[in-house]
Amino acid sequence: MTIHEALKYYFGFDKFKANQEAIIRNVMDGKNSFVLMPTGGGKSLCYQLPALLMEGTAIVISPLIALMKNQVDVMRGLGEEGVAHYLNSSLSKNAIEEVKENVKAGKTKLLYVAPESLTKFENIDFLKRVKISFYAIDEAHCISEWGHDFRPEYRNIRPIVNQIGEAPIIALTATATDKVRIDIKKSLGILDAVEFKSSFNRPNLYYEIRPKTKDIDKDIIRYIKQNGGKSGIIYCLSRKKVEELAAVLNANDIRAAAYHAGFESVVRTQTQDDFISERIDIIVATIAFGMGIDKPDVRFVIHYDIPKSLEGYYQETGRAGRDGGEGRCIAFYSNKDLRKLGKFMEGKPVAEQDIGRQLLQETAAYAESAVCRRKMLLHYFGEEYDKDNCENCDNCIHPKKKIEAKDKLQMVLSVIKALNEKFRIEYIIDFIKGNETEDIISHKHEEMALFGCGKNEKDSVLDAVIHHALLVGYLNKGIENYGILKVTESGENFMKHPVSFMIVENVEFSQYEDEQAEEGGTAALDPELFAMLKDLRRSIAKKYDLPPYVIFQDNSLEQMATVYPVTIEELKNVQGVGDGKAKKYGQPFCDLIMRHCEENEIERPDDMRVKTVANKSLQRVEIVGLIDRQIPLENIAESKGIDYFELMEKLEAIVFSGTKLNVDYAIYDLLDEDEVEEIFDFLRESETGELDDLLNEFSDVYSEEELRLVRIKFISDMAN
């Protein structure tokens, strides 16, 4: 079977994408290969197809168990029984033996292995006796300390390959700078590898950086609501922020779920499935989410926190618009976040700190730059972009005024040469500005004639000059000593014969933080309105023959008397007021607040109000999502590490705060409709609705579990 016949037979495609055919032929010719192909370019096919055609078993080294399972399922879906298996810690001893039998029988063409599993003596011993067609190293950037997802165990791959037995190697990654690429090849011992590099340009992706202010949650909610029904991923750096933001989104009627490595495997899998199946629209995640998730119609990727590296940023944004359609990539940035990330590195080995800070500086340069985002990103990956305006990033759509910087560039190049091309950007700027840092004093550079030659220049201007000089080729950065600025031949020519050098001054993001610091103050409770709202609640409760607490709790009335909502939509943004409760009881409260504002000439803040979620409620929103999916209550309790009655307490808190919960699937397994109605009748007559009253009345008829579930249903149905 030819490779074109195999492409059609196994995968149903008529033709290869980009470099796929050349890569496959190189692998089948027994040569080492290095494949640099952006997300969505079809990397997997480059090792899957030759594995099916070659003699023996291909060993695919992959970093994630979920990714392995996904790929094995895809391969088995081709209709070839037992063609692919995986070997990792998720398998039982019996399952591992079954996999090994399939490999020995020659059925398995692709064996996916985690690097940790590869190091085990019994696996090395087993694989020594197997005919191996080639080794495929997926997500190869994990090998490099300069990569965005470095994993030390990847450094052991070459020694283990030497133990198992020589065979061609194909290393594949979606992101790698020249520094990372060389590091990967050295570590794998494949400096002779044929390189296949696809363009990093994704023309359909729109790139934008926004200042991160105190209103970030509001900005994100507004954006999602303006793009209703579209799938999106929001990346946060911490698990805590992931859970907080998912909670806030759900509280504001956005179908979202949190995802990070701290959740049980069953919950993570369910969340992925819900996202792919469109039962939820938004995933809020750490970088643990995304690798191997094949959802082509993700319409936006938002970075709540700026990533630690441009490689990570590129890979994560690459999950948008994989079908070639709309893909908007918005990142929120502040200097404060960057400084915080820098502080996190303290205490780590010096070499690791140095690498981390260099990567952060690249990210800062990208975020603060006023030149084309696409041009900067592609340049970072060693690819030049010829156009001056890509027409699909914030800087190109809203270009800023350019200034002449010929003299400033002359000054920068002269300083770099005077310092013998041995220093990085921050050192050069400190030198030009005349900052007597500890580093500069240790080199005695404060004694040089050029020291302080640009003491009146702004940091943002000097930074823009240097980065634009890198973009146009007057400067480059050393690969071995990454970040060291070198003057190129073009730069030397510029120094002899200067020409116009127009730049756009970088954005001063610190100004947004200063503006934020000046803002402050919180709205005060209106005691007169609060008293009127309580009277209104009492009369409505009487009308519906319900206890007042069922209508709105006191904390909801307090917030109404603070932010003055006058429409149902505004009322829904009040803590403890769900959609159903707002529609059912809300209009008289809105009318009362409107009259009060008019009579007392109160100016209401007219900005969008975001419903917040108290920290103690973070876990609750996750529970709401699991209830919506009708996960058994016992399983929910187990996944949250709580006992069954703790879960009951949380469900009660959820419905009393104004969120609707449909627990019918749990109730009607225990009770019939008449029994539920009997308990409802009692709750309608009760003044307090306390659990103790229910137990006193029905403990000899119903269990505590049954009574609590029906009470939850009552509050949810009647109030929310």
Side-chain angles (χ1 to χ4, degrees), residues 32-41 43-44 46-47 58-71 86-90 110-120 123 134-161 169-191 193 195-197 200 235 237 260-261 285-293 307-319 348-349 351-352 355-356 358-359 362-363 380-381 482:
N32 293 324
S33 313
F34 182 89
V35 177
L36 190 55
M37 189 181 286
T39 301
K43 290 190 300 298
S44 304
C46 296
Y47 57 80
I59 306 298
V60 183
I61 300 167
S62 180
L64 291 177
I65 289 173
L67 183 56
M68 285 184 216
K69 183 179 183 307
N70 179 274
Q71 295 236 351
Y86 56 83
L87 204 57
N88 59 42
S89 58
S90 72
L110 290 118
L111 181 63
Y112 290 79
V113 186
E116 298 86 351
S117 300
L118 200 64
T119 60
K120 291 183 178 176
N123 290 336
F134 60 89
Y135 298 92
I137 319 298
D138 206 2
E139 310 295 346
H141 55 268
C142 295
I143 290 172
S144 175
E145 292 175 298
W146 287 89
H148 66 277
D149 197 16
F150 173 58
R151 309 204 177 189
E153 59 272 16
Y154 259 64
R155 286 284 198 185
N156 297 324
I157 290 174
R158 183 71 233 187
I160 292 167
V161 164
I169 289 177
I170 174 172
L172 309 100
T173 178
T175 58
T177 60
D178 288 345
K179 175 80 174 172
V180 172
R181 178 176 52 79
I182 290 168
D183 201 15
I184 292 168
K185 289 166 69 176
K186 274 185 180 176
S187 178
L188 288 175
I190 55 168
L191 287 169
E195 288 197 19
F196 300 92
K197 189 174 178 181
F200 278 76
Y235 283 107
L237 285 177
H260 59 64
T286 59
I287 58 170
F289 177 80
M291 205 182 279
I293 301 301
K308 297 175 186 175
S309 75
L310 272 186
E311 283 196 81
Y313 171 76
Y314 180 84
Q315 178 128 4
E316 287 149 26
T317 56
R319 286 159 193 151
K348 292 185 176 180
E352 196 177 325
I355 290 168
Q358 286 301 305
L359 295 175
E362 298 283 5
T363 307
Y380 182 75
F381 291 108
Y482 188 71

For A174 against Q315, the heavy-atom pair lying closest together: CB-OE1, 4.1 Å
Expected output: side-chain D138 to main-chain S62 donor-acceptor under 3.5 Å: no
Test salt bridge (Lys or Arg N to Asp or Glu O under 4.0 Å) applied to K308 - qualifying residues, sequence neighbours left out: none
Value rounded to 0.5 Å, distance of NZ in K43 from OG1 in T173: 7.0 Å
Any N123 side-chain heavy atom under 4.5 Å of L87 side chain: yes
E362 side chain reached by S309 side chain, heavy atoms, under 4.5 Å: no
F196 side, atom CZ; I170 side, atom CD1 - distance, nearest 0.5 Å: 8.0 Å
Side-chain H-bond candidate by donor/acceptor type, H260 with T286, under 3.5 Å: no
T119 side-chain N/O to E116 backbone N/O, donor-acceptor pair under 3.5 Å: yes
Gap separating the NZ atom of K197 from the CZ atom of R181, nearest 0.5 angstrom: 6.0 Å
Side-chain touch L172/Y47, heavy atoms, less than 4.5 angstrom: yes
L191 side, atom CG; F34 side, atom CZ - distance, nearest 0.5 Å: 11.0 Å
Cationic N near anionic O, under 4.0 Å, D183 to K186: no
Nearest heavy atoms of S187 and R155, plus distance in Å: CB-NH1, 3.5 Å
Donor-acceptor side-chain pairing of Y235 and R319 below 3.5 angstrom: yes
Pairwise distance CG(L188) to CD1(I137) - rounded to 0.5 angstrom: 5.5 Å
Close aromatic pair by centroid cut-off 6.0 Å: F200 and Y314: yes
Side-chain donor or acceptor of S117 paired with backbone N/O of V113 under 3.5 Å: no
Heavy-atom pair of closest approach, residues L310 and T363: N-OG1, 3.5 Å
Interatomic spacing from CG in D178 to CG in L36 - rounded to 0.5 Å: 9.0 Å
Any side-chain heavy-atom pair of E316 and P307 under 4.5 Å: yes
Close side-chain approach of M37 and C46, heavy atoms under 4.5 Å: yes
